[in-house]
Amino acid sequence: MQLLLLASALLGGQATRAADESPAAMAARYANEVAQRLNPPEPEVRYYGVLAQQMLQAAGIALNRPQYLVLVDRSPQVQALLLFWLAPPAGPVLIGASPVSTGRIGEYDYFETPTGVYAHSTTNPDFRAEGTFNENGIRGYGLRGMRVFDFGWQPARRGWGQGGTSAMRLLLHATDPDRLAPKLGSVQSKGCVRIPATLNRLLDQHGLLDADYNDALRAGQHFWVLSPQRTPVADAGRYLIVVDTARTSRPDWSPSPFGPASRRKRTPR
């Protein structure tokens, strides 16, 4: 596949520089900069790539240019994120994969992370973590300055009481580096998607999901949440896709964070 050279840009008066990055170079950055990584084999990459395309099609979304997107498998036996670069009609290219934590049902105010295709938009502005501790001594969004990606209010299954569905704020964010980051790869959150801090920085620094922000910058808007030092890619995307493969056992490429003893032999989907 011929890789695109990314053009430089100065957007809307806010100091930003486009990274001269091919998808291969971004994959190298992922490997070098993201501390918690997974290595899904090629058949799994193809499987999730097809899932991403099917989800987009079901949502009535036709990509008209190359772009990055994030896919999350919320299955308790997987709990993984895959960052893809798509350039239709060619197949998806895997940039990297990492463990995540999605919603854990069974406790009050805990939701099951909803499945679907969600757009990252300036309609639901991002914010940055304050890095403060809550009543449980946890920095819920991670260290100060971590970007919190907001995908708006979404209907989700309540994991307590009589169940049912309510609206929850779907966020993609880092988490407490000491107490919760080591648990990535297991179901832990109140419904949001927790990711490694180093992956958060990669998405933030290169604006991989900032297509809508970039459009608004060109129109003259300004966003305090965007760093003046960021180096946004030309192929910025906007979509978070959440799927549930409903696996009954843990695949070898996505081990449990609690050690080998909790891993089981892989079975067919």
Side-chain angles (χ1 to χ4, degrees), residues 2-23 25-27 29-30 52-53 55-72 81-90 92-93 95-96 114 116-129 141 145-154 169-174 192-193 195 199-242:
Q2 182 178 2
L3 299 179
L4 304 179
L5 294 176
L6 306 182
S8 61
L10 183 64
L11 302 177
Q14 183 168 347
T16 54
R17 293 173 291 124
D20 185 13
E21 292 274 357
S22 68
M26 188 57 67
R29 281 190 175 276
Y30 197 111
Q53 293 172 312
M55 292 290 287
L56 290 170
Q57 183 177 15
I61 298 170
L63 303 184
N64 58 8
R65 61 172 182 80
Q67 59 191 272
Y68 292 91
L69 66 77
V70 164
L71 181 141
V72 169
L81 176 153
L82 292 86
L83 175 63
F84 283 108
W85 180 79
L86 273 71
V93 175
I95 303 302
V117 180
Y118 305 102
H120 183 228
S121 167
T122 58
T123 302
N124 303 297
D126 293 349
F127 58 97
R128 291 194 179 272
Y141 296 133
M146 290 284 100
R147 187 170 173 184
V148 180
F149 297 85
D150 194 333
F151 292 87
W153 291 99
Q154 304 296 341
R169 199 78 179 189
L170 181 58
L171 306 174
L172 179 81
H173 61 81
C192 295
V193 179
I195 63 175
L199 175 55
N200 183 287
R201 293 189 186 100
L202 186 80
L203 297 175
D204 181 21
Q205 174 64 26
H206 299 294
L208 297 179
L209 296 178
D210 284 352
D212 202 50
Y213 280 84
N214 292 342
D215 290 345
L217 286 170
R218 293 187 188 97
Q221 296 187 50
H222 180 89
F223 301 94
W224 70 267
V225 76
L226 301 181
S227 168
Q229 285 74 45
R230 75 184 189 121
T231 55
V233 295
D235 292 344
R238 56 171 50 86
Y239 295 114
L240 165 67
I241 299 175
V242 181

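These numbers were taken from a predicted model, which means no experiment stands behind them.
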Seminar exercise, completed: Rounding to 0.5 Å, atoms CZ (Phe84) and CD (Gln53) come to a distance of 9.0 Å
Exercise. How many angstroms lie between CG in Leu202 and CG in Leu83, if you round to the nearest 0.5 Å?
Worked result: 7.0 Å
Exercise. Given Phe149, which of Asn124, Asn200, Val225, Leu240 fulfils the side chain to side chain contact (heavy atoms under 4.5 Å, CB included) condition?
Worked result: Asn200
For this session: Verify side-chain contact (heavy atoms from CB on, under 4.5 Å) between Val70 and Tyr239, making sure each step is shown before the conclusion.
Result: CA-CA 6 Å; Val70 164; Tyr239 295 114; over 6 Å; no
Exercise. Between His206 and Tyr68, is the gap from one ring center to the other below 6.0 Å?
Worked result: no
Exercise. Shortest non-hydrogen contact from Ala129 to Val148?
Worked result: N-CG2, 4.3 Å
Exercise. So Phe151 and Leu171, side-chain contact (heavy atoms from CB on, under 4.5 Å) or not? Walk me through it.
Worked result: CA-CA 6 Å; Phe151 292 87; Leu171 306 174; over 6 Å; no
Problem set entry | Rounded distance [0.5 Å steps], CZ in Arg147 versus CG in Leu226 | 5.0 Å
Exercise. Do side-chain atoms of Ser22 reach the backbone of Ala25 as a donor and acceptor pair under 3.5 angstrom?
Worked result: yes
For this session: Keeping the roles fixed (side chain from Gln205, backbone from Gln229), state whether a donor-acceptor pair exists under 3.5 Å.
Result: yes
Exercise. So how far is it from Asp212 CG to Thr122 OG1, rounded to the nearest 0.5 Å?
Worked result: 4.0 Å
For this session: Flag this pair as yes if the NZ/CZ of Arg128 is under 6.0 angstrom from the six-membered ring centre of Phe223 and inside a 45 degree cone about the axis; otherwise no.
Result: no
For this session: Kindly say whether Asp150 contributes a backbone atom to a donor-acceptor pair with the side chain of Asp126 at under 3.5 angstrom?
Result: yes
Exercise. Which class fits the ring pair Phe127 and Tyr141: parallel under 30°, tilted 30 to 60°, perpendicular over 60°?
Worked result: perpendicular
Problem set entry | Ile95 side chain reached by Pro23 side chain, heavy atoms, under 4.5 Å | yes
Problem set entry | Leu209 backbone acceptor or donor facing His120 side chain under 3.5 Å | yes
For this session: Just do the side-chain contact (heavy atoms from CB on, under 4.5 Å) check on Leu69 and Ile241 with the steps written out, would you?
Result: CA-CA 8 Å; Leu69 66 77; Ile241 299 175; 4.1 Å; yes
For this session: Please name the pair of heavy atoms, one in Cys192 and one in His173, separated by the smallest distance, quoted to 0.1 Å.
Result: CB-NE2, 3.6 Å
Problem set entry | Carboxylate-amine/guanidinium contact Asp210 Arg238, below 4.0 Å | no
For this session: Could you tell me whether a side-chain N or O of Asp204 sits under 3.5 Å from a main-chain N or O of Met146, the two making a donor and an acceptor?
Result: no
Exercise. Can you find a pair of side-chain heavy atoms, one from Pro66 and one from Trp85, that are under 4.5 Å apart?
Worked result: yes
